[in-house]
Engineer: 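The following block contains the structure, expressed as structure tokens.
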Amino acid sequence: MATAMRAGGVPGGVDAFLARFAADAAALPGDGAARRDAAAALTRLGLPGTTAGRRPEAWHFTSLRPLAGLNFVAPVPVLGAPLTIPGFDPAGFTGPRLVFTDGVFDAAASAAPGFATNGAGAGDTLADLRANSLDALNAMLCRDGAAIDIAAGIDGGTLLLVHRAQSPGSSAHPRHRIRIGSQARLSLIEIACGAGETLHNPMSEILLEEGAELHHVRLQLEDRSAFHLASLHARLAAGAIYRGFTLALGARLARTELNLHLVGPGAQAEAHAVQLLSDRQHGDITSCIAHDAPGCASRQQVKNVLTDQAHGVFQGQIQVAQAAQKTDGYQMHQALLLSDGAAVDCKPQLQIFADDVKCSHGATVGALDGDQLFYLQSRGVPRPAARAMLVRAFLDDALTAIADPRALSLAEQAVGGFFERHPA
Amino acid sequence: MLDIKALAASIDGKPILRGIDLSVPPGQIHAIMGPNGSGKSTLGYVLAGREEYEVTGGSVTFAGADLLAMEPEARAAAGLFLAFQAPVELPGVGNANFLRTALNAVRRARGEAELDAVQFLKLARAEAKRLAMPEDMLKRNVNVGFSGGEKKRNEVLQMALLRPRMAILDETDSGLDIDALKIVADGVNALRGPEFSALVITHHQRLLDHLVPDRVHVLAQGRILQSGGAELARELEASGYAGVVAAAA
Ligand SMILES: Nc1ncnc2c1ncn2[C@@H]1O[C@H](COP(=O)(O)OP(=O)(O)OP(=O)(O)O)[C@@H](O)[C@H]1O
Ligand SMILES: [Mg+2]
């Protein structure tokens with residue numbers, strides 16, 4: 001399998017991306033000025049860990065150092081292959097879907113409903129490019145992405161949004177824009193998969209208008225030599241509901257930044273996440289849920305299941321502005337360490353400026369329960385299967401909370417695949 | 001069926017079993033009685049293969065095989081079943097899924113065909129009905145929120161499904177109401193036959209009225225201090241353990 005070019009004379013890390021932008025800028029679609037702003041921001045911010053010096057606070061537990069010596073090129077996508085993912089029932093991939101191959105819309109593999117198309121769409125952005133390396137990198141190199149726009153009152157049903165990486169050594173920076181109109185709804189299932197050492201740096205911008213509802217299940221199944229650096233920015237108007245669930249199993253190094261902004265009264269947000277990591281995988285879920293309006297609720301349950309030398313990170317910030325009275329916030333992080341070499345870092349951060357709020361959070365770290373394991377074995381269940389059952393039990397409430405049966409089935413298949421690869 | 005010779009075991013370096021000799025022939029039911037903390041549950045755990053207990057001496061032969069060399073799951077597949085004194089709760093594991101996984105694991109190990117979901121549910125419902133268990137107990141998480149008696153019935157349901165050759169019932173009668181006691185005893189009696197043996201740990205005569213034992217043993221201070229016929233249980237109920245323990249001292 002090809003790998004990203006090792007830097008030798010050629011700069012790696014952030015310099016490689018900046019050099020690539022300088023060479024390709026003219027060929028990239030959309031607003032050149034915005035891209036140059038992004039490049040300037042990236043120059044200033046760098047990619048934390050790839051250069052000498054202290055990493056910023058938000059990157060305390062995750063370093064992008066492995067990117068320092070790598071030079072990911074722009075992919076030359078070969079489009080049109082039918083959508084399959086090894087280990088998954090192909091029946092799950094029929095129906096409305098947007099497929100992006102190496103970051104470029106793959107019309108032949110897609111079945112786009114009327115409300116969904118693609119486009120480079122620069123310009124308006126919810127992300128603050130001055131603050132964030134991943135967003136700046138995306139904005140600088142973005143070529144394509146989903147454009148989903150559901151008109152008021154419409155039920156968009158279930159839509160699949162798939163990224164597949166096919167060109168080892170390349171990177172893709174898709175920008176997805178999703179707008180759900182007032183009282184409209186959508187169940188969006190996002191899958192990231194692929195082969196080889198690639199970088200996937202997607203950014204999703206989500207606008208939920210009054211009373212809109214988005215169920216958003218994200219399955220991160222990248223190749224185990226890949227890098228996954230994702231960010232999501234959602235803005236919820238009054239009464240809007242965002243139900244997010246991220247299941248991350250893939251990539252050598254992954255970071256997912258979830259930014260949920262509750263700007264209208266009575267909005268409700270869920271930002272659940274499960275990471276199942278093994279070998280030397282590093283997975284980071286970093287979230288910021290900002291309550292800016294009164295009477296909003298947010299729920300967050302994060303579970304890390306870690307084995308071998310895997311490293312899981314959860315950073316969860318909840319901000320409650322002074323105006324956000326009657327906020328109801330809940331955050332829980334639970335880690336299950338299946339080996340002595342696995343490690344987890346958890347940093348909850350509550351910043352509360354309103355006085356009439358209900359905000360609770362908690363964190364637990366544990367191993368499998370010896371009594372439970374013995375009970376199962378004493379009933380004839382072999383130890384590896386017994387361990388798998390107990391891990392599945394640990395995830396049960398998180399998985400069964402997935403409302404869309406197709407999303408649940410895909411999530412179950414992903415979890416099942418983990419147990420097949422890591423029986424003990 | 002089960003031959004225990006000079007079995008000694010300790011936990012965290014503390015000796016609990018100090019030389020148990022006990023033999024249960026095929027087709028027989030033996031009862032074990034004894035004071036609290038004397039090592040009865042420990043014996044059950046050691047026989048079932050709980051790794052926290054260190055076997056420091058002796059041997060156990062089960063159906064001709066060296067039981068102590070086997071993993072817990074292999075012991076179950078070979079036909080040993082321990083009904084726990086304190087059944088373990090498994091949040092997040094559905095009871096039906098648990099029972100089917102266990103049954104199919106044991107069937108697979110015994111070279112029998114696995115049951116599909118439909119076949120299994122039919123069987124499990126029938127057994128649950130026989131034990132007068134409400135059907136929703138199959139849908140709930142294993143032992144979670146079960147009453148004390150419901151947990152014990154769930155143990156007996158597992159036994160009925162797994163059809164062991166040797167059942168160790170550790171105070172399965174404790175916490176059962178009068179009707180449930182009868183139902184549980186019927187459940188054990190239903191398995192009775194030349195190929196089924198049981199070791200029944202109990203504090204009460206009542207269960208033994210239904211399950212007339214071939215032998216009764218008194219376990220105290222980590223040893224079998226006295227053995228006798230079914231009448232021994234009744235004598236103990238009247239006189240207590242003090243005499244037995246003093247005589248052995
Ligand atoms: N995990 C453990 N750690 C320390 N001591 C233990 C442990 N398990 C059992 N013991 C001790 O071993 C002794 C025997 O316990 P066991 O549970 O076998 O008694 P028992 O005969 O079943 O009592 P009961 O009639 O109350 O059920 C007790 O003194 C108990 O405290
Ligand atoms: Mg006991």
Side-chain angles (χ1 to χ4, degrees), chain A residues 245 247 272 274 276 301-305 332-338 340 362 364-402 408-409 411-413 415-416 418-420 423-424, chain B residues 11 44-53 70-95 97-110 112 114 141-144 151 154-155 157-159 161-164 167-168 170:
Chain A
F245 175 80
L247 175 61
H272 303 315
V274 168
L276 289 172
Q301 186 179 43
V302 176
K303 301 199 185 215
N304 270 299
V305 176
M332 175 58 81
H333 172 252
Q334 293 166 291
L336 184 58
L337 303 183
L338 299 176
D340 292 340
T364 64
V365 180
L368 286 180
D369 183 287
D371 290 337
Q372 297 181 338
L373 205 53
F374 175 64
Y375 192 57
L376 286 168
Q377 285 182 270
S378 78
R379 297 311 182 234
V381 182
R383 193 177 176 86
R387 286 173 63 99
M389 264 183 106
L390 293 178
V391 175
R392 176 61 186 75
F394 175 75
L395 300 176
D396 192 63
D397 51 350
L399 291 173
T400 51
I402 299 174
L408 176 60
S409 159
E412 291 278 17
Q413 291 177 63
V415 170
F418 177 82
F419 294 136
E420 267 161 42
Chain B
I11 185 150
Y45 281 142
V46 169
L47 294 176
R50 175 128 211 192
E51 62 184 9
E52 282 82 350
Y53 294 91
M70 297 158 80
E71 294 296 327
E73 55 265 39
R75 301 181 194 200
L80 186 82
F81 180 86
L82 170 66
F84 284 48
Q85 180 176 354
V88 178
E89 297 185 4
L90 302 177
V93 180
N95 206 19
N97 177 35
F98 163 69
L99 294 167
R100 182 154 92 98
T101 305
L103 179 57
N104 279 337
V106 165
R107 290 181 67 98
R108 201 163 45 238
R110 292 175 186 165
E112 296 166 8
E114 295 184 31
N141 283 347
V142 180
N143 294 327
V144 178
K151 284 182 182 172
N154 203 36
E155 294 292 286
L157 174 61
Q158 293 163 46
M159 180 182 71
L161 288 169
L162 296 180
R163 304 203 142 265
I168 303 164
D170 190 354

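Proteins come first, then strands; the chains are lettered A, B, ... in the order of their sequence lines, and each starts at number 1. Because the structure is a prediction, the values reported are computed rather than measured.
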Engineer: Which atoms of B:Ala48 are under 4.5 Å from chain A, going by heavy atoms: the side chain, the backbone, both sets, or neither?
Structural biologist: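 Both backbone and side chain.
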Engineer: Look at B:Pro91, B:Pro87, B:Ala74, B:Pro164 and state which one has the largest set of heavy-atom pairs under 4.5 Å with chain A.
Structural biologist: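 Sorted descending by pairs with chain A, the first entry is B:Pro91.
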Engineer: Suppose the criterion is salt bridge (charged side-chain N to carboxylate O under 4.0 Å, His left out): which pairs have a residue in residues 79-88 of chain B, not counting sequence neighbours?
Structural biologist: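 Residue pairs passing salt bridge (charged side-chain N to carboxylate O under 4.0 Å, His left out), neighbours aside: none found.
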Engineer: Using non-hydrogen atoms and a 4.5 Å limit, figure out which bit of B:Ala83 sits close to chain A: side chain, backbone, both or neither.
Structural biologist: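 Backbone of B:Ala83 only, per the 4.5 Å heavy-atom cut-off to chain A.
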Engineer: Knowing that exactly one of B:Val93, B:Val142, B:Leu90 qualifies, which makes a side chain to side chain contact (heavy atoms under 4.5 Å, CB included) with A:Leu376?
Structural biologist: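 The side chain to side chain contact (heavy atoms under 4.5 Å, CB included) with A:Leu376 is passed solely by B:Leu90 among B:Val93, B:Val142, B:Leu90.
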Engineer: Please list, chain by chain and in numerical order, all residues satisfying ring pair (Phe, Tyr, Trp, His ring centres under 6.0 Å) with A:His333, sequence neighbours excluded.
Structural biologist: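 In terms of ring pair (Phe, Tyr, Trp, His ring centres under 6.0 Å), with neighbours along the sequence ignored, A:His333 is linked to A:Phe314.
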Engineer: With sequence neighbours excluded, what pairs up with A:Ala411 under the side chain to side chain contact (heavy atoms under 4.5 Å, CB included) test?
Structural biologist: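 For A:Ala411 the side chain to side chain contact (heavy atoms under 4.5 Å, CB included) partners, ignoring immediate neighbours, are A:Leu219, A:Leu247, A:Leu399, A:Ile402.
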Engineer: Can you pull every donor-acceptor pair closer than 3.5 Å across chain A and chain B?
Structural biologist:
{"unit_1": "A:Asp371", "atom_1": "OD1", "unit_2": "B:Arg50", "atom_2": "NH1", "d": "2.8"}
{"unit_1": "A:Asp371", "atom_1": "OD1", "unit_2": "B:Arg50", "atom_2": "NH2", "d": "2.7"}
{"unit_1": "A:Gln372", "atom_1": "NE2", "unit_2": "B:Glu89", "atom_2": "O", "d": "3.1"}
{"unit_1": "A:Tyr375", "atom_1": "OH", "unit_2": "B:Asn143", "atom_2": "ND2", "d": "3.3"}
{"unit_1": "A:Tyr375", "atom_1": "OH", "unit_2": "B:Glu155", "atom_2": "OE2", "d": "2.3"}
{"unit_1": "A:Tyr375", "atom_1": "OH", "unit_2": "B:Gln158", "atom_2": "NE2", "d": "3.1"}
{"unit_1": "A:Gln377", "atom_1": "O", "unit_2": "B:Glu73", "atom_2": "N", "d": "3.4"}
{"unit_1": "A:Gln377", "atom_1": "NE2", "unit_2": "B:Glu73", "atom_2": "OE1", "d": "2.7"}
{"unit_1": "A:Arg379", "atom_1": "NE", "unit_2": "B:Gln158", "atom_2": "OE1", "d": "2.4"}
{"unit_1": "A:Arg379", "atom_1": "NH1", "unit_2": "B:Leu82", "atom_2": "O", "d": "2.6"}
{"unit_1": "A:Arg379", "atom_1": "NH2", "unit_2": "B:Leu82", "atom_2": "O", "d": "2.9"}
{"unit_1": "A:Arg379", "atom_1": "NH2", "unit_2": "B:Glu155", "atom_2": "OE1", "d": "2.6"}
{"unit_1": "A:Arg379", "atom_1": "NH2", "unit_2": "B:Gln158", "atom_2": "OE1", "d": "3.4"}
{"unit_1": "A:Arg383", "atom_1": "N", "unit_2": "B:Glu73", "atom_2": "OE2", "d": "3.0"}

Engineer: Grab the two heavy atoms, one from B:Ala105 and one from A:Pro382, that are nearest each other, plus how far apart they are.
Structural biologist: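 In terms of heavy atoms, the two residues are closest at CB-CD, 4.1 Å.
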Engineer: Given the options B:Ala109, B:Pro72, B:Ala78, which has more heavy-atom pairs under 4.5 Å with chain A than any of the others?
Structural biologist: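 Of the candidates given, the most pairs with chain A belong to B:Pro72.
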Engineer: With a 4.5 Å cut-off on heavy-atom pairs, point out which of B:Leu162, B:Leu80, B:Leu99, B:Leu82 contacts chain A the most.
Structural biologist: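 Answer, by heavy-atom pair count under 4.5 Å with chain A: B:Leu82.
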